[in-house]
Amino acid sequence: MILKPAKIHLLDPGPLDPASNMALDEVLLESEGWWLRLTRWDRPCVTLGRFQSWPQNSSDESFPQIHPFSSQFVSATQPSPTSSPGEIAESLPAVRRVTGGGSILHGEDLTIAIAGPCPSPHFPDRSPGKVATQISKVLGSLLSPGIHTRGGEDREKEMVDVVDCFQRRSPSDLVLEVDGETVKAGGLALAFRPGRVLIEGSLHRGPASRPVEGDRSWMELLMREWLGAEGETAEKWQTDLTDEQAGRVSEAVENRFGTVEWNRR
Amino acid sequence: MSEVPADRFYLSSHEWAQEGDDGVVTIGITEFAASELGELVYIELPGEGEDVHFEQQFGEIESVKAVSALNSPLSGQVIESNASLLDSQEPITDSPFEEGWMLKIKPADDSWKDQLMTPADYESQLNNS
């Protein structure tokens, strides 16, 4: 049975700074209708899970995990031995998400966001585990052959201290078998608000074999195959934020996503 | 079938509210909500003296890589927050109606119950979902 949602928006606003990208995802979470978004970055950056702790200082062993290019960045921009760990951490491009999970390095991945009503015909159950596994199976079926949902038991508690999302194991992971080993090809993180869900996804381009120029076609496939949208129900790609969206993003960046208090907790 | 205690009121988003003898209202999430969330790893609650508002978010809880909003079943002022949940969220799963309570609230007015579901109504919602 194909379930047809009333309104689907396809959004590709182009490269944005890290704080604006995460603010926009929250705006979509709080908007009406379905949103399928391509997230592009104006610089490499790291996103942190909603409750992840930022290392207290750069000698913390989790620091390079939470920010894989920190040492390179620090040596290039902070040669002074007098720079304090706080000053170094302050200058790193990292932003906190509203979704859970671990830290993710962005820049060369395929980053997507899906926001829509939940519960709804497409997500009848608000259970985070069920929603994550459901969308993982949908995404897996539309990626390269061999990519599938990991499945198995939830081991969330064991994963809390693993900083890097791609080192964590979750039933909803998208995985690929390479030389007898299971490699994580994509991870998902979610946020629920009353009546809505936001799913942020990061897919490795290597295993996923998705060229950048094919991103829109892939999202349109997702829209047709999963949301059941026909040509006439789909809007054209929106490439510029509306004035209202831009205003809400700016406000969210100023008040939260662009602040030290939000990002360095 | 999830337990639905008869001595409290409910919000459709699966939070409960129970009035004490002193008029203070204790709130938390239901057994159904706790089981749906899965293994919990983080929670954020407001502190003493903060205001909460009916059907507005008062905190957040993380499970299975998902952060879910917690909604207040009434308006009022927080007089106590269950700080032990910050260290361990297991009481929310193991004892959602007792040890897993989240906030104690001084209601903003006496009519707060009028806006909530009775146990029978909430049970009916669970049966129809």
Side-chain angles (χ1 to χ4, degrees), chain A residues 25-26 29-30 48-53 96-104 118-119 123-136 153-162 165 168-173 186-202 265, chain B residues 2 10-15 27 29-47 52-74 85-94 96 115-117 122 125-129:
Chain A
D25 278 358
E26 188 182 48
L29 171 60
E30 295 177 342
L48 310 174
R50 171 70 179 86
F51 287 106
Q52 277 194 294
S53 296
R96 187 173 300 281
R97 307 187 301 265
V98 294
T99 55
S103 66
I104 302 173
C118 179
F123 286 129
D125 204 316
R126 266 182 80 84
S127 164
K130 291 175 185 173
V131 170
T133 300
Q134 181 187 349
I135 195 67
S136 173
E153 291 293 309
D154 175 28
R155 298 162 54 197
E156 191 73 5
K157 208 83 176 179
E158 293 175 40
M159 296 293 121
V160 167
D161 293 328
V162 180
C165 166
R168 294 186 178 200
R169 292 182 183 179
S170 173
S172 65
D173 291 342
L188 304 172
L190 301 85
F192 290 85
R193 299 273 169 88
R196 303 278 298 172
V197 63
L198 167 69
I199 300 153
E200 294 175 323
S202 171
R265 55 174 287 159
Chain B
S2 295
Y10 298 87
L11 201 57
S12 60
S13 53
H14 308 291
E15 287 85 5
I27 71 170
I29 64 170
T30 66
E31 182 180 293
F32 173 81
S35 66
E36 288 286 286
L37 284 171
E39 198 168 29
L40 306 175
V41 289
Y42 294 107
I43 188 169
E44 188 168 84
L45 297 171
V52 294
H53 302 280
F54 175 64
E55 286 194 320
Q56 298 294 305
Q57 182 175 321
F58 71 80
E60 290 181 307
I61 195 163
E62 179 168 341
S63 65
V64 202
K65 302 190 301 181
V67 175
S68 299
L70 299 166
N71 302 311
S72 180
L74 74 161
L85 298 180
L86 303 181
D87 296 325
S88 171
Q89 299 79 40
E90 286 176 8
I92 299 171
T93 308
D94 298 341
Q115 306 174 96
L116 298 177
M117 303 170 80
Y122 180 65
Q125 175 185 306
L126 292 182
N127 290 334
N128 293 328
S129 61

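Throughout, a chain's letter reflects where its sequence line sits, starting with A, and its residues are numbered from 1.
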Show your reasoning for whether side-chain contact (heavy atoms from CB on, under 4.5 Å) applies to A:Arg50 and B:Lys65.
CA-CA 9 Å; A:Arg50 171 70 179 86; B:Lys65 302 190 301 181; over 6 Å; no
Would you mind checking which part of B:Leu70 comes under 4.5 Å of any heavy atom in chain A, side chain (CB onward), backbone (N, CA, C, O), both or neither?
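Neither part; nothing is under 4.5 Å.
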Which atoms of B:Glu55 come close to chain A, meaning under 4.5 Å heavy atom to heavy atom: side chain ones, backbone ones, both, or neither?
neither
Under 4.5 Å, heavy atom to heavy atom, which residues of residues 87-94 of chain B contact chain A?
B:Gln89
A:Leu190 and B:Val64 have their tightest heavy-atom pair at CD1-O, 4.4 Å
Evaluate the side-chain proximity of [Y] to [X]: yes if any heavy-atom separation is below 4.5 Å, no if none is.
X	Y	value
A:Pro128	B:Ser63	yes
A:Lys130	B:Glu36	yes
B:Leu37	A:Ser127	no

Let's test your reading of the structure: which of A:Ser172, A:Ser170, A:Cys165 forms the most heavy-atom pairs below 4.5 Å with chain B?
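Counting heavy-atom pairs under 4.5 Å, the top option is A:Ser170.
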Selection from A:Gly49, A:Pro194, A:Gly100 maximising heavy-atom pairs under 4.5 Å formed with chain B:
A:Gly100
Which distance, rounded to the nearest 0.5 Å, do you find between the CZ of A:Arg126 and the OG of B:Ser68?
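One gets 6.5 Å once the value is rounded to the nearest 0.5 Å.
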Turns out that what part of A:Ala191 lies under 4.5 Å from chain B's heavy atoms comes down to both
Which bit of A:Val131 comes within less than 4.5 Å of chain B, counting heavy atoms only: side chain, backbone, both or neither?
neither
Does the pair A:Phe51 and B:Val67 meet the rule for a side-chain contact (heavy atoms from CB on, under 4.5 Å), with working shown?
CA-CA 9 Å; A:Phe51 287 106; B:Val67 175; 4.2 Å; yes
